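Presented below is the structure to which this report refers.
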Amino acid sequence: MTVPFVLVLVAIASVGGAVRAERTAGDLRLEMSVARGVFQVGEPVHISLRVSNISGTPVTLTSGGQQYDVIVRQRGALVWQWSHDKGFAQVVRSVEMAPGDARTYKASWDQRDLQGRPVEPGTYEVSCVLLAAQRSGPASVEVGPVRITIAR
């Protein structure tokens, strides 16, 4: 009798669960997630980027003051960017990640565009960007997009 109940809970959790994308770049695994796929108008959209060292050796990441970004697009057009209204220190910083270490970066989108206007209901694409270079890798790595819906 307990088994059907557990199966129902699993099905409900998977329908309303997080929307995810991942990518491997060199010694790093990047995993982004958005709390779920559908949000009501005006509801904050919580986004996270987890960066893990999947190698057996330490990895050094070099970046400026900004280490990550979050981008929201609709039909390819930029709607919102987390870093748009922020200032960052003009420094070079290096962070060493031991094998198996992970760092998580978080952002929230308030469903406003770059001019501060509420966005319309519809489908949006969310991507995360790691702005830190590995020794022989690119200066930035994008993961995503994942699609979310803003509904009335």
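In this chain, residues are counted from 1 in sequence order. No experiment lies behind these values; they were computed from the predicted model shown.
- Without hydrogens or angle criteria, Tyr124 side chain to Val79 main chain gives no donor-acceptor distance under 3.5 Å.
- Partners of Phe39 by ring pair (Phe, Tyr, Trp, His ring centres under 6.0 Å), not counting sequence neighbours: none found.
- Between the side chain of Gln111 and the backbone N or O of Gln40 there is at least one donor-acceptor pair closer than 3.5 Å.
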Side chains of residues 142-152: which donor-acceptor partners sit under 3.5 Å, not counting sequence neighbours?
| from | atom 1 | to | atom 2 | distance (Å) |
| --- | --- | --- | --- | --- |
| Glu142 | OE2 | Arg73 | NH1 | 3.4 |
| Glu142 | OE2 | Ser127 | OG | 3.2 |

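- Under the 3.5 Å distance criterion, the side-chain polar atoms of Asp27 are left unmatched by any main-chain donor or acceptor of Asn53.
- A donor-acceptor pair is defined here as one N or O able to donate and one able to accept, closer than 3.5 Å; no such pair exists between the side chain of Gln81 and the backbone of Ser83.
- With sequence neighbours left out, the side chain to side chain contact (heavy atoms under 4.5 Å, CB included) criterion links Thr57 to Ser55.
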Check step by step if salt bridge (Lys or Arg N to Asp or Glu O under 4.0 Å) holds for Arg29 and Glu22. CA-CA 7 Å; Arg29 166 170 275 134; Glu22 64 179 52; 3.6 Å; yes

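- In the model, Ser48 has a side-chain atom that pairs as donor or acceptor with a side-chain atom of Ser33 under 3.5 Å.
- The shortest non-hydrogen separation linking Lys106 to Thr104 is CE-CG2, 4.0 Å.
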Determine whether Leu131 and Gln67 satisfy the following criterion, side-chain contact (heavy atoms from CB on, under 4.5 Å), listing intermediate values before the conclusion. CA-CA 5 Å; Leu131 298 167; Gln67 297 177 314; 5.8 Å; no

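- What you find for Pro58 and Glu96 is that their closest heavy atoms are CB-OE2, 3.7 Å.
- Every side chain to side chain contact (heavy atoms under 4.5 Å, CB included) that Ala102 has, sequence neighbours left out, goes to Arg50, Ser52.
- Here the closest heavy-atom approach between residue Arg112 and residue Val119 is recorded as C-CG1, 4.0 Å.
- Under the side-chain hydrogen bond (donor to acceptor under 3.5 Å, both in side chains) criterion, Asp110 pairs with no residue, sequence neighbours left out.
- The two residues Trp82 and Ala107 make their nearest non-hydrogen contact at CD1-CB, 3.6 Å.
- Here the closest heavy-atom approach between residue Pro121 and residue Val41 is recorded as CG-CG2, 3.8 Å.
- Residues passing the side-chain hydrogen bond (donor to acceptor under 3.5 Å, both in side chains) test with Arg117 are Asp113, Gln115, sequence neighbours excluded.
- Residue Val129 comes nearest to Ser140 through the heavy atom pair CG1-CB, 3.9 Å, listed as atom of the first residue, atom of the second, then distance.
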Can you check side-chain contact (heavy atoms from CB on, under 4.5 Å) on Ile47 and Trp109, steps first, answer last? CA-CA 8 Å; Ile47 304 140; Trp109 175 41; 4.3 Å; yes

